[in-house]
**Student:** 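Have a look at the structure that comes next, please.
Naming convention: chains lettered A, B, ... in sequence-line order (proteins, then strands); numbering from 1 in each chain. Keep in mind that this is a model prediction, so the values were computed, not measured.
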Amino acid sequence: MNIILAHNEISNWLSNRILQLYGLDDMPEVLEPENPQFGDFTTNVAFQLAKKVHKAPLSIAEEIVNSDLPECIKCADVTAGYINFSLSNDVISSIIKNLLSNPDDWRKLHTEKAKKIQVEFVSANPTGPLNIVSARAAAVGSTMANILRSVGHNVTTEFLLNDTGNQIHLLDNSFEARIAQIKGKEATIPENGYHGEYIKDYAVEYIESGTDVKPEQWILNKITSEQKQSLEKFRTHFDVWFSEKKFRRSGKIDSIIQRLESLGTTYERDKATWFAASKFNSNIKDFVLIKSDGEWAYGLVDIAYHANKFEERGFDIVYTILGPDHYGHRDRLEASMKALGHDDKLKILILQQVNILEGSEKVKMSKRAGKIITMDELIDDVGVDAARFFFLARRMEAHLDFDLNLARETSDVNPVYYVQYAHARIRSILKFAENKGLKIEKKINDIKFELAIEPEEILLIRKTIKFPLVVRNASIILGAHLIPFFLIEYSKLFHNFYTKHRVVGENRELSLTRLGISAAVAETIRWGLCLCGISTPNQM
RNA sequence: GCCCCUGUAGCUCAGCUGGAUAGAGCAUCGGACUUCUAAUCCGAGGGUCACAGGUUCGAAUCCUGUCGGGGGUGCCA
């Protein structure tokens, strides 16, 4: 038994009752009440039916409950029209024992029908070190991928390497100008080229290495491999680095343009080829696929790239995380996927930007001007754990003001330490108990959860068994932030429990029960932090 | 102009596919270590959920409008 099954059982039971009593084919919502006094699950279905069946909510609720309850339920109370369900003790106890004896299985939810999903994120231009904006994307994208895997999907992470085009030319020109300057030759960096110091450092390194690799190739390799390193250090792994350059040579782009033409979605104007995007979404304007000089526009390449994800690589769903400056691009891409028959398979998520503040002044970041806060600096200053938690503990749509000074100062009070501390505390208790001859792993079957009668114990147990619901919900609403917020609240419950009740005490049976609860909490925190790519130290 | 995001405690933010008394962290003030980790806990103060209408048994949540903040609206990528 697990909580997801129990939840489904209640939902199904309710729909059956509604069908039996009123002949209505509804799928009622079964929610968790905020206040624990209202049980483990609650439904407001009586209110919703009141109008349809012309009865008072209270009597509807009573009618529904007046029958055999689902097996997992101890009791169903009707209060003010709500129906509140409480799980039976056996179910609760078996869920926790299951968790303790097979933590790895417990982490595999398999709640959804497995789909082949791609998450594309960061995809920064390889023109310099990754900045703090990419760090937010990295934290969110990698955590989303972890969450989707947890519920049973087959997930691939991808970084689109923009290794060709204007920005790359500018980078190359800037790099070669720096090399020439260092060699004492007259050279100027293009006005809108890359002026950052790092280009100078790379130029020195290039010259000193005496390599015969062309500067253009060398700088690209250099920057890409440094980006990879930074990302790995930030616990963000990409399964695929997809080269735009290679893709452009594959011939797929020509075939996409032909298909769009044969679908009648394109037209010629001013010597350019346009896509009639407004046909698919009246809010957007048509845009250019092939420029008047015969070059492919970025929009076209990206259409072909996304079509490739579905057609060549067979993804059922693709999540592409973009910054708000690509907002205009979202509707265009989605319209084009519709044209190609991939309705609703592509979901573009806009991750709001990070504003950098220095005191109260907003700092404009620009790679070209060389003003950036790099991901490496962030890692050095505040650490991976604190940085990831900081980025994850807000939803995607939230604009984020990042004051680096404040972040440094508050890294001590970042809630991540609060959560990690709860875990470390428990490890320490378990060790203490083990030294006294109470090794919880060997006594799981002896635990008597009915001994847990203190409110703090009951709250912890309730919250523990429900974490899978949080993970599932996060996977559905694509809200990675649900995990950190759960962990903060959850850790608070534990710290509170810890100060009020002694875990390892005189009474061996009670100690065992409390150790069982504590071990389950530690396991849950470990899972949650692991989803977030955050470490779980055993001592702090 | 049009489109997207956003406005909740002094600060940073949860809560938004409508539900029971609006939450957390930080900051402020007052308490708690002889005992498994005080990186902790307990308590207090702090709110016109931007504003105005509407829908509903019920609105921070949905709809309309107004105002404020951010972004987009390229034959750049």
Side-chain angles (χ1 to χ4, degrees), chain A residues 29 31 33-35 37-38 42-44 47-48 50-51 56-57 79-82 84 125 127 162 164-168 170 192 244 269-274 281-285 287-299 301-302 323-331 350-353 355 362 390 393-403 406 409-410 412-418 420-422 424-433 435-436 476-477 479 481-482 484-486 488-489 491-492 494-505 511 514-515 518 539-540:
Chain A
E29 269 193 305
L31 304 165
E34 267 179 55
N35 189 331
Q37 82 182 60
F38 298 129
T42 187
T43 181
N44 55 11
F47 291 97
Q48 284 158 350
K51 199 165 249 179
T79 14
Y82 296 93
N84 299 324
N125 283 334
T127 52
N162 302 111
T164 181
N166 273 351
Q167 299 307 315
I168 294 295
L170 279 172
N192 51 357
E244 182 184 334
R269 194 175 75 201
D270 303 334
K271 291 184 183 165
T273 304
W274 294 69
N281 179 343
S282 55
N283 285 332
I284 54 177
K285 296 177 186 162
F287 61 94
V288 167
L289 296 171
I290 301 178
K291 299 188 238 172
S292 53
D293 62 5
E295 291 275 317
W296 293 324
Y298 161 74
V301 178
D302 220 31
D325 50 333
H326 287 72
Y327 158 70
H329 194 55
R330 180 182 72 173
D331 289 345
I350 301 291
L351 179 64
Q352 285 300 328
Q353 71 186 42
N355 297 316
K362 204 167 268 188
F390 182 81
R394 60 207 68 218
R395 57 193 212 288
M396 285 200 191
E397 302 83 22
H399 299 244
L400 169 57
D401 286 338
F402 192 94
D403 185 329
L406 199 71
E409 277 174 34
T410 56
D412 291 341
V413 289
N414 188 309
V416 73
Y417 298 108
Y418 183 81
Q420 287 177 323
Y421 184 61
R425 234 180 181 178
I426 296 171
R427 300 308 312 177
S428 163
I429 296 167
L430 296 178
K431 207 170 164 189
F432 177 85
N435 291 338
K436 295 209 157 197
I476 293 169
I477 69 165
H481 68 282
L482 296 184
F485 280 102
F486 172 90
I488 292 173
E489 210 177 314
S491 302
K492 188 180 177 68
F494 180 78
H495 287 307
N496 188 6
F497 158 78
Y498 174 87
T499 38
K500 284 199 180 139
H501 305 288
R502 181 144 185 112
V503 177
V504 183
S511 301
R514 289 184 175 163
L515 279 169
S518 304
Q539 47 179 306
M540 290 173 73

**Student:** Please tell me if A:Lys291 has a side-chain N or O lying less than 4.0 Å from either OP1 or OP2 of B:rC76.
**Tutor:** yes
**Student:** Can you figure out which of B:rG72, B:rU40, B:rC36 approaches the side chain of A:Asp325 most closely?
**Tutor:** B:rG72
**Student:** What is the nucleic acid contact for A:Thr42, judged by heavy atoms within less than 4.0 Å: base, sugar-phosphate only, or nothing?
**Tutor:** base
**Student:** Going by side chain to side chain donor-acceptor pair (under 3.5 Å), name the residues that satisfy it together with A:Thr273, two or more places apart in sequence or in a different chain.
**Tutor:** A:Glu268
**Student:** List in chain and number order the residues that pass side chain to side chain donor-acceptor pair (under 3.5 Å) with A:Asp302, two or more places apart in sequence or in another chain; answer none if no residue qualifies.
**Tutor:** A:His329
**Student:** Which part of the nucleic acid does A:Ala393 contact within heavy-atom distance under 4.0 Å: base, sugar-phosphate only, or nothing?
**Tutor:** sugar-phosphate
**Student:** Verify the contact: side-chain N or O of A:Arg427 to OP1 or OP2 of B:rU37, cut-off strictly under 4.0 Å; return yes or no.
**Tutor:** no
**Student:** Going by atom types only, do A:Asn162 and A:Glu244 share a side-chain donor-acceptor pair under 3.5 Å?
**Tutor:** yes
**Student:** Answer yes or no: does a side-chain N or O of A:Thr499 lie under 4.0 Å from OP1 or OP2 of B:rC41?
**Tutor:** no
**Student:** My understanding is that only residues two or more places apart in sequence, or in another chain, count here; which of them pass side chain to side chain donor-acceptor pair (under 3.5 Å) with A:Glu29?
**Tutor:** none
**Student:** Using whole Å, what does the distance between atom P of nucleotide B:rU6 and atom CG of A:Leu400 come to?
**Tutor:** 14 Å
**Student:** Can you figure out which of B:rU12, B:rU40, B:rC36 approaches the side chain of A:Arg425 most closely?
**Tutor:** B:rU40
**Student:** I want to verify a distance call: between B:rA77, B:rU37, B:rA24, whose nearest atom is closest to the A:Ile488 side chain?
**Tutor:** B:rA24
**Student:** Go through the structure and list residues passing side chain to side chain contact (heavy atoms under 4.5 Å, CB included) with A:Ile429, not counting sequence neighbours.
**Tutor:** A:Phe494, A:Tyr498, A:Val503, A:Val504, A:Leu515
**Student:** For A:Tyr418, which residues count as a side chain to side chain contact (heavy atoms under 4.5 Å, CB included) partner, sequence neighbours excluded?
**Tutor:** A:Ser491, A:Lys492, A:His495
**Student:** Would a distance-only check, ignoring hydrogens and angles, find a side-chain to backbone donor-acceptor pair under 3.5 Å from A:Trp274 to A:Leu289?
**Tutor:** no
**Student:** Look at all strands and tell whether A:Asp302 reaches a base, only sugar-phosphate, or nothing, counting heavy atoms closer than 4.0 Å.
**Tutor:** nothing
**Student:** Within 90° of 0 counts as syn, otherwise anti: where does B:rC26 fall?
**Tutor:** anti
**Student:** Taking for each residue the nucleotide of RNA chain B with the nearest heavy atom, is it A:His495 or A:Ser292 whose nucleotide lies nearer the 5' end?
**Tutor:** A:His495
**Student:** Please give, in whole Å, the distance from B:rC42 C1' to A:Lys500 NZ?
**Tutor:** 7 Å
**Student:** Taking any heavy-atom pair under 4.0 Å as a contact, classify A:His481: base, sugar-phosphate, or nothing.
**Tutor:** sugar-phosphate
**Student:** Run A:Phe390 and A:Asn414 through side-chain contact (heavy atoms from CB on, under 4.5 Å) and show every step you take.
**Tutor:** CA-CA 7 Å; A:Phe390 182 81; A:Asn414 188 309; 4.1 Å; yes
**Student:** Under 3.5 Å, which N/O atoms of the protein pair with N/O atoms of nucleotides 2-4 of chain B?
**Tutor:**
{"from": "B:rC3", "atom 1": "O2'", "to": "A:Tyr327", "atom 2": "OH", "distance (Å)": "2.3"}
{"from": "B:rC4", "atom 1": "O4'", "to": "A:Tyr327", "atom 2": "OH", "distance (Å)": "2.8"}

**Student:** Can you pull every protein N or O that's under 3.5 Å from an N or O on nucleotides 56-64 of chain B?
**Tutor:**
{"from": "B:rC57", "atom 1": "OP1", "to": "A:Lys51", "atom 2": "NZ", "distance (Å)": "3.1"}

**Student:** A:His399: which residues meet the side chain to side chain donor-acceptor pair (under 3.5 Å) condition with it, sequence neighbours left out?
**Tutor:** none
**Student:** Considering residues at least two apart in sequence or located in another chain, which fulfil the side chain to side chain contact (heavy atoms under 4.5 Å, CB included) criterion with A:Lys271?
**Tutor:** A:Ser292
**Student:** For RNA chain B, whose closest nucleotide is more 5', that of A:Thr43 or that of A:Ala398?
**Tutor:** A:Ala398
**Student:** Is it true that a side-chain atom of A:Asn125 and a backbone atom of A:Thr127 form a donor plus acceptor pair closer than 3.5 Å?
**Tutor:** no
**Student:** Hey, does A:Tyr421 reach any base, or is it just sugar-phosphate, or nothing, if we go heavy atoms under 4.0 Å?
**Tutor:** base
**Student:** What nucleic acid atoms does A:Asn84 come within less than 4.0 Å of, heavy atoms only: base, sugar-phosphate, or nothing?
**Tutor:** base
**Student:** Give RNA chain B the dot-bracket treatment, 5' to 3': Watson-Crick (N1-N3 with N6-O4 or O6-N4) or G-U (N1-O2, O6-N3) under 3.5 Å, [ ] crossing, | other strand.
**Tutor:** (((((((..((((.....[...)))).(((((.......))))).....(((((..]....))))))))))))....
**Student:** Give the rounded distance in Å between these two atoms: OH of A:Tyr417 and C1' of B:rC26.
**Tutor:** 15 Å
**Student:** When you get a sec, tell me which of B:rA14, B:rG71, B:rA20 is the closest nucleotide to the side chain of A:Pro324?
**Tutor:** B:rG71
**Student:** Kindly point out which of B:rC13, B:rC75, B:rG71 is positioned nearest to the side chain of A:Val288?
**Tutor:** B:rC75
**Student:** Ignoring the backbone of A:Gln539, work out which of B:rU37, B:rC41, B:rU73 is nearest its side chain.
**Tutor:** B:rU37
**Student:** Establish, with yes or no, whether the OP1 or OP2 oxygen of B:rC42 is under 4.0 angstrom from a side-chain nitrogen or oxygen of A:Asn496.
**Tutor:** yes
**Student:** Check every strand shown and say whether A:Gly165 touches a base, only sugar-phosphate, or nothing at a heavy-atom separation below 4.0 Å.
**Tutor:** nothing
**Student:** Once you apply a heavy-atom cut-off of 4.0 Å, does A:Arg502 come out as touching a base, just sugar-phosphate, or nothing?
**Tutor:** base
**Student:** For B:rA27 versus B:rG46, give the span between their C1' atoms, rounded off to a whole number of Å.
**Tutor:** 11 Å
**Student:** Mark this stacking check for A:Phe485 against B:rA24 as yes or no, applying ring centres under 5.5 Å and ring planes under 30°.
**Tutor:** no
**Student:** Looking only at side-chain atoms of A:Asn125, point me to the closest of B:rG15, B:rA77, B:rG70.
**Tutor:** B:rA77
**Student:** What's the closest nucleotide to the A:Pro415 side chain, out of B:rU73, B:rC41, B:rG25?
**Tutor:** B:rG25
**Student:** Ignoring the backbone of A:His399, work out which of B:rC75, B:rU6, B:rA20 is nearest its side chain.
**Tutor:** B:rU6
**Student:** Of all the heavy-atom pairs spanning A:Gly505 and A:Ser511, show the shortest one and how long it is.
**Tutor:** N-OG, 3.0 Å
**Student:** Mind checking what makes salt bridge (Lys or Arg N to Asp or Glu O under 4.0 Å) contact with A:Arg395, not counting sequence neighbours?
**Tutor:** A:Glu397
**Student:** For A:Asn162 and B:rC76, give me the distance from atom CG to atom P, rounded to whole Å.
**Tutor:** 16 Å
**Student:** A:Arg514: which residues meet the salt bridge (Lys or Arg N to Asp or Glu O under 4.0 Å) condition with it, sequence neighbours left out?
**Tutor:** A:Glu457
**Student:** In whole Å, what separates the P atom of B:rG19 from that of B:rU61?
**Tutor:** 10 Å
**Student:** Looking at B:rC13, B:rC75, B:rG69, which one has an atom nearest to any side-chain atom of A:Ala272?
**Tutor:** B:rC75
**Student:** When all nucleic acid strands are considered with a 4.0 Å heavy-atom cut-off, which category describes A:Lys271: base, sugar-phosphate, or nothing?
**Tutor:** nothing
**Student:** With a cut-off of less than 4.0 Å, is there a side-chain N or O of A:Tyr418 near OP1 or OP2 of B:rC41?
**Tutor:** yes
**Student:** Give A:Lys492 one of three labels, base, sugar-phosphate or nothing, depending on what nucleic acid heavy atoms sit under 4.0 Å from its own.
**Tutor:** sugar-phosphate
